[in-house]
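Start at 1 and go down the list; that is how both ligands and their atoms are numbered. None of the values given here were measured: they were computed from a predicted structure.
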Amino acid sequence: MSRISDSNTEKFIVALDAGHGGDDPGNRGNGYKEKDIALKVVLAVGAALEKDDRFKVVYTRKTDKFIELHERGRIANKAKADLFVSIHCNSHRSQAYGTETFVLGLHANDENFNVAKKENSVILMEDNYEANYDGFDPNSPESIIGLTLMQEEYLDQSLILASYIEKRFTNTLKRKSRGVKQAGFVVLHQTYMPSVLVELGFLTNNKEGKYLNSKKGQDDMAKSIIKSIVDYKDSLDETYYVPEPKTPEVVTNDTIIKTVDEELYDGITFKVQIEAGSNDVVLDPKNFNGLDQLSKVQFGEVYKYYFGNTPNYNLIKELKNVAVAKGYTSCFVVAFKNNEIIPLSEALKTNTSSN
Ligand SMILES: [Zn+2]
């Protein structure tokens with residue numbers, strides 16, 4: 001009997017969003033149409049991902065039609081997408097150029113706000129936008145604050161994808177990257193998954209506009225986005241090697257003292273001997289695999305190192321287990337009375353706990 005896997009549910013679902021469409025052309029820098037360039041890039045990204053059976057692709061639009069911003073998020077959410085990638089092109093009065101990838105956040109500056117404002121302004125073309133966007137005002141920088149919370153839990157992952165995309169643009173295509181940025185894009189606010197908005201470049205820049213309007217430019221940009229999405233998925237699948245922390249987590253008596261019953265011995269102090277040797281080692285948790293509550297006694301030329309310090313025999317047994325777990329596999333409990341080591345059996349005769 002072979003196991004039939006439900007491969008469909010295991011696929012990594014990517015929601016692709018071509019900005020604008022229909023009556024909303026997006027920016028018309030140099031006479032190019034943002035809505036058309038965004039759609040061509042999206043279709044190229046989608047076609048490549050669909051050939052890879054690890055992926056399933058959903059589109060907010062595959063044709064030249066107007067889709068409201070909140071509807072775009074709804075499509076991605078309904079498909080339970082693992083990722084949302086919105087594709088746009090930028091514009092500016094100047095000959096500014098370069099790529100930018102945004103994640104949702106507070107506008108760090110006016111420049112970022114202005115990009116988001118342009119992309120958000122489409123909601124003014126929508127019917128009933130006040131109700132659909134909960135009173136959001138695309139012209140107010142403050143209005144975004146309430147929007148950012150929903151995406152917060154996906155911020156780290158969104159930033160990872162955004163940085164993969166920008167790195168591909170610069171390293172592979174030698175495009176100028178203006179960086180990974182945060183701003184209040186309404187379309188990113190609507191989704192329940194890591195989400196980025198890519199500005200492929202400026203149509204208003206003569207050279208960049210021409211490149212982005214060309215088949216080669218669109219294929220190049222699509223390839224970089226495809227590879228970034230694949231890298232992102234792979235990074236989620238990898239089991240990362242976690243190196244030992246340089247400063248180990250400090251273990252103290254207090255960590256476990258609340259969990260053990262008292263078994264007290266009058267005038268006795270128990271410690272766990274963890275090491276002995278001729279080296280005089282500084283009593284720092286870093287030097288003892290993170291163990292704290294350290295003490296040291298010099299016997300002639302030999303230093304003995306101890307962990308823990310308690311009259312509670314149950315606690316010291318627990319601390320011995322901790323020391324073993326930290327690598328001191330041959331450690332043992334010793335008893336002190338008046339700062340002298342006494343045989344453990346003798347110490348245990350002085351139990352003063354009431355039973
Ligand atoms: Zn746009």
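- The backbone N or O of V186 sits less than 3.5 Å from a side-chain atom of N120, completing a donor-acceptor pair.
- Scored by the side chain to side chain donor-acceptor pair (under 3.5 Å) test, R54 finds D52, D234 as partners (sequence neighbours excluded).
- Just one of R175, E166, E199 meets the side-chain hydrogen bond (donor to acceptor under 3.5 Å, both in side chains) condition when paired with T99; it is E166.
- Under the rule for a salt bridge (charged side-chain N to carboxylate O under 4.0 Å, His left out), the partners of R178 that lie at least two apart in sequence or sit in another chain are E100, E111.
- Under the rule for a salt bridge (charged side-chain N to carboxylate O under 4.0 Å, His left out), the partners of K35 that lie at least two apart in sequence or sit in another chain are D64.
- Between F288 and Y305, the ring planes are tilted. Angles from 30° to 60° get that label.
- By the criterion of a separation under 2.8 Å, the protein N/O/S atoms near the Zn ion (ligand 1) amount to H20 NE2, E34 OE2, H88 ND1, E119 OE1, E119 OE2.
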